[in-house]
Each structure stands twice: as C-alpha cells, then as structure tokens.
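As a basis for the values below, the full set of heavy atoms in this structure was taken, side chains included, without hydrogen atoms, waters or symmetry mates.
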Amino acid sequence: MVQHISPAQLAKPTNPPRAGLPASLYGRLFIALTAVLLVAPLALYPMFLMTLLCFALFACAFNLLLGYGGLLSFGHAVYFGMAAYVTGHAAKVWGLGPELSVLLGALTGAGLGLAFGALAIRRQGIYFSMITLALAQMAFFFCLQATFTHGEDGIQAIPRGHLFGLIDLSDDRVLYYVVLAVFLAGLLGIFRIIHSPFGQVLKAIRENEPRAISLGYNAQRYKLAVFVLSSTIAGVAGGMKALVFQLATLTDVHWTMSGEVVLMTLVGGMGTVFGPIVGAAVIVTMQNYLAHLGAWVTVVQGAIFVACVLLFREGIVGVIARHLRWRL
C-alpha cells in the first residue's frame with residue numbers, strides 16, 4: 001500500500017535545525033510591527049516611511065520567489081516598473097481613481113509574470129536568472145522607446161486622486177495610512193501563501209525537486225504560480241510607489257532596481273517573513289541619510305552586501321532567528 005505524504009511532510013527537512021515559530025508569536029510580532037508603523041509618522045517623515053513600505057512590499061514579493069520558491073530572478077524590476085508606468089498612465093491620462101490605477105498595475109505585473117515566467121521556468125539555475133535579466137532588459141528598452149512612458153522624462157505629475165471617490169490622497173499623512181494598509185494586507189497574504197499547503201509543496205520543490213516530482217507534484221506549475229504571485233505583489237508595490245512619488249521613470253525598470261531588491265532580501269534574511277522588511281529598512285535608510293555622499297552610496301551598499309555575505313550569510317533576521325533557535 002502506498003503511503004500518502006502530505007505537503008507539510010514533504011517539505012519537512014530530515015534534520016530540522018530549530019523549532020518552528022509559534023503562530024501566536026507571529027501574531028504578536030505582526031501586531032507590534034503594525035503598532036510601530038501606526039505611530040511612526042509622529043517621528044519620521046511620511047514620504048520616507050511610504051518609500052520604505054513600498055520597497056519592503058517589493059522585497060517581500062521577491063522573497064516569496066527566491067526564499068520560498070528557490071528561483072533567483074535578476075529582472076524583477078520589470079514588474080515593479082511597468083506597474084508604476086501603467087498606474088501613472090491610468091491615473092493621469094485615463095483619469096481613473098487610485099484604486100483602479102493600482103489594480104491595473106497589479107494586473108500588469110501578473111500578466112508580465114505569466115508571460116515571462118512561462119519562458120523562464122523552462123530552465124534552471126543561472127540559465128533561469130539570465131533569461132529573466134534578458135527579458136527585463138527587453139522591457140527596459142521598450143519603456144525607453146514607447147510613447148506612453150515619455151522616454152527619459154517619464155510620467156510626471158501623476159495625480160493621487162480620491163480613494164473610492166471619497167478620501168483625498170493629496171495629504172501625505174492620509175496617503176501613508178493607505179499605503180500602510182496595502183502593505184499589511186500584502187504581508188498577510190504572503191504569510192498565508194507560505195504557510196498553506198501550496199507553500200509547503202513550494203518549499204519541497206525548492207529543497208528536492210526530483211522527489212517532489214516523483215510524488216506526483218507538477219513542479220513547473222507550482223513555479224509558474226509563485227512567479228505570477230510574486231510579480232503581482234511587486235506590481236502592487238510599483239503602483240503604490242508611482243502614486244507616492246507622483247512619478248514613474250526608467251529607474252523603476254532598470255536592472256539596478258532588480259539588484260537593489262536582491263540586496264534588500266539577502267541583507268534582511270532570505271526565506272524569512274520579516275527579513276525583507278528589515279533589509280528594505282536598512283537600504284532605504286542608508287540611501288536617504290547618506291544621499292550627500294552621491295555616487296559613493298553604491299560603494300557603501302556594496303561594502304555592506306559583502307560584509308553580510310561573509311559574516312551574516314543568513315541575513316539580519318536569519319542570524320537573530322538562529323541564535324533564538326527559531327525558524328522564521
């Protein structure tokens with residue numbers, strides 16, 4: 001008789017290094033994070049905080065693909081940037097409200113993720129990564145030449161509008177709490193995905209793909225699904241970023257943006273729920289407060305990245321979790 005193996009059993013390592021984090025503690029950490037972010041505008045500029053939240057959501061989306069799917073994309077900025085362009089165009093030219101504009105941005109990310117992911121997952125390892133980079137570069141040059149993107153000028157003066165026709169988003173503090181609500185919803189959604197049976201199978205494919213296939217799981221289908229989910233959430237982050245800055249430019253789709261989100265994920269802790277948030281906070285804070293250094297900021301970022309790879313291979317949150325013997 002063939003023994004049935006559940007997704008949770010399939011994903012469970014033979015010798016687990018540490019105990020899993022209790023769900024109640026996850027809840028307390030989430031509540032603490034929410035409480036801090038609710039009062040954060042009293043001490044910090046809302047624009048800085050909104051920038052942090054947009055990139056934190058982007059990093060969480062990328063971590064879903066890399067940390068739990070085991071797929072390293074070098075072109076994830078295409079979903080972030082194209083969503084920003086579509087959101088800006090929909091709000092400024094078509095006159096749509098912010099909720100519909102961001103929704104179109106998310107759908108843009110999902111559509112591109114489906115098309116590009118279907119091509120990229122046909123290969124593995126570095127070949128997969130290089131395909132994503134090549135496709136992202138194609139999208140970059142498309143944005144450079146397309147009429148609706150306005151080339152190097154980008155889409156400027158994007159109107160924030162009124163949320164559901166009622167809430168005026170021109171005030172930074174009001175928009176901050178809208179961005180915060182979207183970020184928390186995205187974080188909860190990602191948490192639910194990675195702790196669902198789908199997430200357990202995904203982890204199993206990451207750890208031992210041949211074994212997962214031998215047990216009847218369609219690895220290609222799961223990879224494509226997580227690719228689309230990740231690109232959709234990245235699209236939401238890009239759409240929100242366009243409304244926050246009222247701007248969408250080529251920087252959003254450039255390969256350096258893809259590199260930044262990789263850096264955020266690795267610095268914070270790949271494969272952890274809260275790691276990308278910490279990584280985004282570190283990178284965004286560094287860019288904000290070291291802006292007077294000019295181009296040297298990238299040198300500092302590179303030094304920090306090298307230090308993290310050599311000294312903290314599990315990232316900031318990963319190291320903390322290891323010392324506390326938690327599996328975050």
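With hydrogens and angles ignored, the 3.5 Å screen pairs no side-chain donor or acceptor of Thr87 with any backbone N or O of Ala84. Between the side chain of Thr149 and the backbone N or O of Cys143, at least one donor-acceptor pair lies under 3.5 Å. In this structure a side-chain-to-backbone donor-acceptor pair under 3.5 Å is missing from Tyr85 to Gly154. Judged by distance alone, with hydrogens and angles left aside, the side-chain atoms of Lys92 form no donor-acceptor pair with the main-chain N or O of Ala157 at under 3.5 Å. Side-chain atoms of Arg160 come within 3.5 Å of backbone atoms of Leu243 as a donor-acceptor pair (strictly under, hydrogens ignored). For the pair Ser230 (side chain) and Ala61 (backbone), a donor-acceptor distance under 3.5 Å is present. Looking only at distances, no side-chain donor or acceptor of Arg173 sits under 3.5 Å from a matching main-chain atom of Pro46. Judged purely by atom type and a 3.5 angstrom limit, Asp168 has no side-chain atom pairing as donor or acceptor with the backbone of His162. Judged by distance alone, the side chain of Ser129 and the main-chain N or O of Leu72 form a donor-acceptor pair under 3.5 Å. Looking at Thr132, its side chain does come within 3.5 Å of a backbone N or O of Phe74 through a donor-acceptor pair.
Across every non-hydrogen atom of Arg123 and Phe128, the tightest pair is O-CB, 3.5 Å. Across every non-hydrogen atom of Thr265 and Ala59, the tightest pair is OG1-O, 3.7 Å. The two residues Gly75 and Ala136 make their nearest non-hydrogen contact at CA-CB, 3.5 Å. Contact detail for Ala77 and Ser258: the closest heavy-atom pair is N-OG, 3.0 Å. When all heavy atoms of Asp172 and Met50 are compared, the pair lying nearest together is O-CE, 3.8 Å. Looking at every heavy atom in both residues, Gly117 comes nearest to Leu224 through C-CD1, 3.7 Å.
We find the CZ-CD1 distance between Arg28 and Ile31 to be 9.0 Å, quoted to the nearest 0.5 Å. For the atom pair CG of Asn288 and CG of Leu52, the computed distance is 9.5 Å after rounding to the nearest 0.5 Å. We find the CG-NE2 distance between Leu96 and His89 to be 9.5 Å, quoted to the nearest 0.5 Å. How far OH of Tyr222 is from CD1 of Ile121: 13.5 Å, rounded to the nearest 0.5 Å. A distance of 8.5 Å separates CG in Leu33 from CG in Leu29, rounded to the nearest 0.5 Å. For the atom pair CG (Leu107) and CG (Leu114), the distance works out to 12.0 Å, reported to the nearest 0.5 Å.
Tyr68 places none of its side-chain heavy atoms less than 4.5 Å from the side chain of Val226. Counting heavy atoms from C-beta on, the side chains of Cys60 and Ile233 never come closer than 4.5 Å. In this structure, the side chains of Val179 and Cys54 come closer than 4.5 Å at one or more pairs of heavy atoms.
Under the salt bridge (Lys or Arg N to Asp or Glu O under 4.0 Å) criterion, Glu209 pairs with Lys223, sequence neighbours left out. By the ring pair (Phe, Tyr, Trp, His ring centres under 6.0 Å) test, Phe58 pairs with Phe80, sequence neighbours left out.
Under the 4.5 Å side-chain heavy-atom criterion for ILVMFWY residues, a single connected hydrophobic cluster contains both Met270 and Leu57. Ile158 and Leu100 are members of different hydrophobic clusters when ILVMFWY side chains are connected at heavy-atom separations under 4.5 Å. Leu188 and Ile190 end up in the same hydrophobic cluster when Ile, Leu, Val, Met, Phe, Trp and Tyr side chains are linked at under 4.5 Å. Using a 4.5 Å cut-off between side-chain heavy atoms of Ile, Leu, Val, Met, Phe, Trp and Tyr, with links allowed through other members, Leu166 and Leu175 fall into the same hydrophobic cluster. Under a hydrophobic-cluster definition in which Ile, Leu, Val, Met, Phe, Trp and Tyr are linked whenever side-chain heavy atoms come within less than 4.5 Å, directly or via other members, Trp94 and Met240 are assigned to different clusters.
For Phe191 and His195, the ring centers sit closer than 6.0 Å to each other.
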Review point. Passes side chain to side chain contact (heavy atoms under 4.5 Å, CB included), Leu53 versus Tyr176? Steps please.
Key: CA-CA 9 Å; Leu53 291 178; Tyr176 168 75; 3.7 Å; yes

**Study point:** Test side chain to side chain contact (heavy atoms under 4.5 Å, CB included) applied to Phe274 and Ile316, step by step
**Key:** CA-CA 10 Å; Phe274 299 103; Ile316 297 172; over 6 Å; no

Point to revise | side chain to side chain contact (heavy atoms under 4.5 Å, CB included) evaluation trace for Val273 with Val317 | key: CA-CA 9 Å; Val273 175; Val317 173; over 6 Å; no

Check your understanding: Given Leu187 and Ile277, is the side chain to side chain contact (heavy atoms under 4.5 Å, CB included) satisfied, shown in steps?
Key -> CA-CA 10 Å; Leu187 182 60; Ile277 302 173; 3.9 Å; yes

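Ring geometry for Tyr79 versus His76: interplanar angle over 60°, hence perpendicular rather than tilted (30 to 60°).
No more than 12 heavy atoms of other residues, nucleotides or ligands lie within 6.0 Å of CE in Met138, so this atom counts as exposed by the packing criterion. Heavy-atom contacts from other residues, nucleotides or ligands closer than 6.0 Å to CZ of Phe148 number more than 12.
Contacts classified as side chain to side chain donor-acceptor pair (under 3.5 Å) and involving residues 241-255 (residues at least two apart or in different chains) are given here: Lys241-Asp252, His254-Thr256.
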